[in-house]
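Worth saying up front: this structure is predicted, and the values here are computed from it rather than measured. Just so we're on the same page: letters track the sequence lines, and every chain starts at 1.
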Amino acid sequence: MNEFREFDDMTLASLQRGRKYVINDVNAVDPDVQRLMVLGLVEGAEIELASSAIGGDPLEIRMFGNAISLRREQARHFAVTPAEPGE
Amino acid sequence: MRQRTGNYPGVTVEKHLGITRVGDIELELIDLPGMFALSAHSLEERIAADVVLGRMPDMDRPAGILAVVDATHLYQGLYLVQQLLELDLPVMVALTMTDAAIASGIAIDSMALEQRLGGVRVCPVVATTGQGLDELKLALSELPDAPRHVVPPIWGELGAASEELAKTLPATVPRFEIERALIDVDSELAQEVAEYLGDDGADQLANMRERLFGSDPPLAKEARQRYSWVREVMNEVQQAAPAITTWGSRTRHFINQPVPGTIGLFLVMAVVFQAVFAWATPLMDAIDSNTAAIGAFMAQNLPAGALSSFIADGVIAGVGSVIVFLPQILILFLFIIVLEDSGYLARAAYLMDRTMRSVGLSGQSIIPMISSFACAVPGIMSTRVIPNRRDRIATILAAPFMTCSARLPVYALLIAAFVPATNVGFMNLQGIVLFGLYLLGIVAGLLTALLLRKSALHGPKPTFALMLPEFRRPNLQTVLVQLYGRAKIFLKRAGTVVFAVAVVIWALAYYPRATDIQANLEQQQALVANRLAGAELETAWAQLENDAAAAQLEQSFLGRAGKFIEPVFKPLGWDWKISSAVIASFPAREVVVAVLGTVYAVGDEADEATLTERLKSARHSDGTPVFTLPMVIGLLIFYACCLQCAATIAVIKRETNSWRWPIFAWTYMTALGYLGALAAYQLGTV
């Protein structure tokens, strides 16, 4: 979890609306990413995509009944897996 | 208990002191800016942290902390509560917005939460109905004597490390600060603690961090640790409830779609501007006619001379011409407060982020800018939520371009007088011109920010991370309390600064009195009286009086100053009267209305024509009208650009902590206004 890397798989930047996901890894090198972690985007948090602004950026992510907005640039540093089992 | 509860960054920045009484105990409450963590990330977080840590120079350390936690944000709220519990101060929690939380499908067991927090009092309150407030007050009065709560060690290694460091540090350095010094790597606190530790202090801290965090960023590690505890607590105290479709959630679903959301934002702003101009008209007319009537009454019933002129033309005309714009300003404030309180301003920041990014700012700069439409002073102060200094200064310098309520009287006067009130489509032409001026302010402000970000304030791209509050029906009481507060500030300004300037300007325009002009007038009037009679005589006398008044004004101090500066403003089509008024309005731009009122009213007390009509009939010495459309447009542009506000200059100085930026802003904005007015007049007159 320490070295800098880009995630190849699903990240916060590639969510589908209407599905729930869990954050399973965060690349925390970027201070802006750390700031988002302080707002609750950490491993284990269950999240879903609520909306995006015109052009698909920034994103609105919901978790625990509240909403946070962030840019795609930072969203790429959060790896996610679908919360529900199966497809 | 009057202060607002649900705080979002950008809403409350200044600390408010309030006193509440419970029985015979008097409690002093300090309202701190809304924040999510004590990580000293932005300036307002640092202010709040300094207050609770007792580091504010002129303030005692608080006796206890009341954490106002929004139940819809309990997840983030508990992160902060956990940090607060480590401060060695008694803590209690007011849980607000429980109704909204239930509607969004989350019910919170406050008893279970109390238990989970080791006995910390948790008081659910519903701010809209006042439910739970009595219990809250009672608990608050018992707070200072409440035991310090022992938090379960959530992060044993950090505690042990700070304990080890504490041995070599003075006892005055609290444990919490040592921990923050370890976590916030580049903070001032870390430097301070390193200095305390001695010459190799920085190395000692670095070694300790290495041991604790490895190569993981400390702040990330802290977030992971704390949120794993928060999730545990959440699982115990939160019960899922069926989500209810509310006004808020329906609105959100509509506005969440990118295109309707953005169109909606523009519609909202268009309605605001249209309303400001259209709805206020009947009220303004009423105030206007009353002021005119009082002025005329005074002029008739006081002996002619300096006192009569002072009362009617200095005091009543001066202050009246400002109060008349109160309806417009109140309507604008009302809209901004409602948008703020309903949570829409944060949504605007989200929707506008991409646009703001193209000028090198982030969506977070939109909140200070929208506030600046009411007044740049609170707008500039609300830039404290912007973490990066460069982004912050660029926003501070863009904010004064936004059309503030003090520009409105100037715009309203000139537009009402010189722009025909014809309808174009569904909008009034006057409304369109006003909208254009707002647009000019926005464009000029954004271009300024872009230029600065490309030159003096060049740096990394700003980031954007913002909590989006749930939509809610604005609370009537909150809205009214705030509206009252802002109206009071405006009237106080009109009653002091504007009044003082009006009086000084009246004096400068009235004195010195030339006795030969008066003697000449009497001589001429006597001559005319021999030749004419009845209505003809009256007209001739009035004409002579006006000529004498003009002559008096021309040789007054103000007239001399205006004449002195006239060559500078001549290329803009301004005569010495406008030049005088513009000079007088540099400390506070709305004063120009009062000054024009004085300048054009002096000497003709009996004339009941309003200022508007007087301006329309103003002529250059060659008989051409002074207020031509190109000249008026230029004057409007001048006022749209100039930084004619001592309060804004002072607040820029305070917020940037240097004279460099206010001096730059003043020079730059004045030059821009001059060039804009020059272009409009010269191009329009060709």
Side-chain angles (χ1 to χ4, degrees), chain A residues 1-5 12-13 15 17-18 20 22-79 83, chain B residues 36-37 39 41 70-76 79 100-101 104-106 186 214-228 230-231 234 238 243 252-253 255-259 261-262 346-347 349-355 357 362-363 387 461-470:
Chain A
M1 200 182 298
N2 301 336
E3 75 281 12
F4 184 88
R5 61 191 147 66
L12 270 190
L15 306 183
R17 269 177 86 163
K20 285 184 159 58
V22 175
I23 297 176
N24 64 356
D25 198 357
V26 184
N27 172 17
V29 175
D30 181 356
D32 297 333
V33 172
Q34 293 169 26
R35 178 77 187 146
L36 289 162
M37 293 176 78
V38 170
L39 294 177
L41 289 171
V42 293
E43 290 88 346
E46 196 183 84
I47 48 111
E48 62 185 306
L49 176 69
S51 75
S52 56
I54 281 187
D57 199 14
L59 306 165
E60 179 189 1
I61 304 289
R62 292 189 76 79
M63 58 181 167
F64 288 99
N66 61 67
I68 184 169
S69 66
L70 70 154
R71 290 182 180 164
R72 276 183 183 278
E73 203 180 328
Q74 276 77 44
R76 276 191 261 278
H77 296 288
F78 296 84
Chain B
F36 290 104
S39 54
H41 184 71
D70 178 341
T72 60
H73 287 88
L74 184 63
Y75 179 58
Q76 288 87 359
Y79 186 94
S104 71
I106 290 168
D186 294 318
S215 57
D216 228 11
L219 196 60
K221 172 87 173 169
E222 185 197 14
R224 287 182 178 120
Q225 289 285 345
R226 291 199 192 278
Y227 274 112
S228 72
V230 169
R231 267 201 311 280
M234 289 290 282
Q238 173 194 307
R252 180 163 57 77
H253 282 301
I255 293 178
N256 269 353
Q257 294 150 32
V259 176
T262 309
R347 181 66 47 172
Y350 162 71
L351 288 169
M352 295 305 290
D353 178 58
R354 223 180 149 82
T355 313
R357 213 180 310 176
S362 84
K461 274 188 296 179
T463 181
F464 180 66
L466 191 69
M467 296 303 301
L468 295 174
E470 203 65 37

Looking at residues at least two apart in the chain, or sitting in another chain, which of them share a side-chain hydrogen bond (donor to acceptor under 3.5 Å, both in side chains) with B:D353? A:R71, B:R357

Look at A:E46 together with B:R231 and state whether they make a salt bridge at an N to O cut-off of under 4.0 Å. no

Where [X] and [Y] come nearest, the two heavy atoms and their spacing:
| X | Y | value |
| --- | --- | --- |
| A:Q34 | B:P217 | NE2-CB, 3.1 Å |
| A:V26 | B:R224 | O-NH2, 3.3 Å |
| A:E60 | B:L468 | CG-CD1, 3.5 Å |

Select one option (side chain, backbone, both, neither) describing which atoms of A:L39 are under 4.5 Å from chain B's heavy atoms. both

Sort A:I61 into side chain, backbone, both or neither according to what part of it lies under 4.5 angstrom from a heavy atom of chain B. neither

Hey, could you give me the OH/CD1 distance between B:Y75 and A:I68, rounded to the nearest 0.5 Å? 9.5 Å

Between atom CG of A:L70 and atom OH of B:Y350, what is the distance when rounded to the nearest 0.5 Å? 9.5 Å

Region of [X] that comes under 4.5 Å of a non-hydrogen atom in chain A:
| X | answer |
| --- | --- |
| B:M352 | neither |
| B:Q238 | side chain |
| B:T355 | neither |

My understanding is that only residues two or more places apart in sequence, or in another chain, count here; which of them pass ring-ring contact (aromatic ring centres under 6.0 Å, His included) with B:F464? none

Would you say the side chain of A:M37 lies within less than 4.5 Å of the side chain of B:L219, judging by non-hydrogen atoms? no

Would you mind reporting whether B:Y79 and A:V38 have side-chain heavy atoms less than 4.5 Å apart? yes

Is atom CD of A:E48 surrounded by more than 12 heavy atoms (other residues, nucleotides or ligands) closer than 6.0 Å? yes

